[in-house]
Amino acid sequence: MLGKIETISQTARDIMHGDMSRRLALNTSGDEFDHLATSLNAMLEKNECLITSLHQVTDDIAHDMRRPLAHLGQHLDEAMQQPHSPSQADALSHAKTNLNEALEIFSSLLKLAQMEAGADIPDNQNVSLRGILLSITDIYRPIMEEKQQTLSVYLAQNEMTCSGNKVLLVQMFSNLLENATNHCPAGSTIVVSSFMSDTTNTIIIADNGPGIPEHERERVFEKMVRLDHSRSIPGTGLGLSLVKAIVRLHHGRITLLDNAPGLCCKIQLPYHSKK
Ligand SMILES: Nc1ncnc2c1ncn2[C@@H]1O[C@H](COP(=O)(O)OP(=O)(O)OP(=O)(O)O)[C@@H](O)[C@H]1O
Ligand SMILES: [Mg+2]
C-alpha cells in the first residue's frame, strides 16, 4: 500500500517539475487505488488541456496583434511627417515609444512560443562560447562603466564550444548581463567567469546587487514575473523566460544561486568537441 502511495507522490512531483504529460499507472485490479488513479488522471488530462489552450491563446494573440500594431506604427510615422504643434509632437513620440514596447513584448512572446514548441535547435552549428562571451562583455563594459558599475571577466583559456544557435546564445548572455546592469545599483560589481570539464561548459554571471530571494528563484523564470524591487525599472519580465527556453533548447541547465550578496546565475551547456 505504501508503495502505491509513493508512486502517486512521485508522479505528482514529476508533474510539479513541469512534465504535464505524466499520468498515474493503473493496476487494473479495480480497487480504491485504481478508482483514485482514474479520477486523478481525468483531472490531470483536463488541466493539461486548459494549460495548452491558454498557451495557444497567448501565442495567437501575440501573432495576430503584430500586423495591426505595425500598421499603427506606419500611421504614427505618417502623422509625424505632417505639420504639428510641439505638444502633438510630444504625444506622437510617446505613442511611438509605447508601440515599440508592445511590439517588443509580442515578438518576445512569439520567440518563446516557437522555442517551447520546437525540439530542434534552428541553424545548429559549432559555436565558440568564449568568442560570444568576449564580444558581449566588450559591448556591456562601457554601458556598465557609464552606470559606475565594474565588469570583470575571467574566461577559461580553452576553446569552449557548444552545439547551438549563435543568435540565441548571444541573446541568452545579453539578457543576463542586461539584468545585472539594470537590476543592480551604481557601484556594483559584475563578474563573468567560465570553466570547462570533459562534458560541460559552465558560465557564471554574478553580481552583488539586490539578488533574488530563494523562494522566488523558480518563479522569476515564468512569463511577465517581475519582483517588487524592479517596479521602477523598465522591463517586460520576459528576459529570464527567454533565457530558460534557450538553455532548455540547448540541453543545458540554469541555476540561480545566492551570491551573498547578489545573484549568481550558473549556466551549464554540453561541451561539443570540434572534429
Ligand atoms: N541580476 C538580478 N538581480 C536582481 N534581480 C534580478 C536580476 N535579474 C533578474 N531579476 C529579477 O527577476 C525579474 C525577472 O527578470 P526578467 O529578465 O525576466 O525581466 P526584466 O529584467 O524585469 O524585464 P525584461 O523582460 O526586459 O528582461 C526582474 O524583474 C527582477 O525583479
Ligand atoms: Mg531582464
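Atoms within a ligand are numbered from 1 in the order they appear, just like the ligands themselves. These values consider heavy atoms only, across backbone and side chains, with no hydrogens, waters or symmetry-generated copies.
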Residue pair K4, D34: steps toward the salt bridge (Lys or Arg N to Asp or Glu O under 4.0 Å) verdict
CA-CA 10 Å; K4 286 177 184 174; D34 235 18; over 6 Å; no
Indicate the atoms forming the closest heavy-atom contact of G164 with N124, along with that distance.
N-OD1, 3.0 Å
How close do N182 and I233 get, heavy atom to heavy atom, and via which atoms?
O-CD1, 3.5 Å
Joint hydrophobic cluster, M43 plus L50, side-chain heavy atoms closer than 4.5 Å
no
Residue portion contacting ligand 1 (non-hydrogen atoms closer than 4.0 Å) for E178:
neither
Return the residue, atom name and 0.1 Å-rounded distance of the protein heavy atom closest to [atom].
{"atom": "atom 16 (P) of ligand 1", "result": "L240 N, 3.6 Å"}
{"atom": "atom 10 (N) of ligand 1", "result": "I212 CD1, 3.6 Å"}
{"atom": "atom 24 (P) of ligand 1", "result": "T236 N, 3.5 Å"}
{"atom": "atom 3 (N) of ligand 1", "result": "H183 CB, 3.8 Å"}
{"atom": "atom 19 (O) of ligand 1", "result": "G237 CA, 3.2 Å"}
{"atom": "atom 1 (N) of ligand 1", "result": "D207 OD2, 2.9 Å"}
{"atom": "atom 30 (C) of ligand 1", "result": "S230 OG, 3.0 Å"}
{"atom": "atom 14 (C) of ligand 1", "result": "V225 O, 3.3 Å"}

Which atom pairs, one a donor and one an acceptor, fall under 3.5 Å between side chains of residues 97-114 and the rest of the protein, sequence neighbours left out?
| unit_1 | atom_1 | unit_2 | atom_2 | d |
| --- | --- | --- | --- | --- |
| T97 | OG1 | S93 | O | 2.9 |
| S108 | OG | E104 | O | 3.1 |
| K111 | NZ | Q171 | OE1 | 2.8 |

Near the Mg ion (ligand 2), which protein N/O/S atoms fall under 2.8 Å?
N179 OD1
Which other residues end up in the same hydrophobic cluster as V191, if Ile, Leu, Val, Met, Phe, Trp and Tyr are linked when side-chain heavy atoms come under 4.5 Å apart?
Y154
Residues Q56 and D60: side-chain donor-acceptor under 3.5 angstrom
yes
If we ignore angles and hydrogens, is there a donor and acceptor under 3.5 Å between the side chains of T200 and T202?
no
Taking NZ, NE, NH1 and NH2 as the nitrogens, is one of them in R23 or E48 under 4.0 Å from a carboxylate oxygen of the other?
yes
Min heavy-atom dist N175 to ligand 1 below 4.0 Å:
no
Give a yes or no on this: more than 12 heavy atoms of other residues, nucleotides or ligands lie within 6.0 Å of atom CD of E218.
no
Short list, please: which atoms of ligand 1 are under 4.0 Å from a heavy atom of L227?
29 (O), 31 (O)
For K266, side-chain hydrogen bond (donor to acceptor under 3.5 Å, both in side chains) partners two or more places apart
none
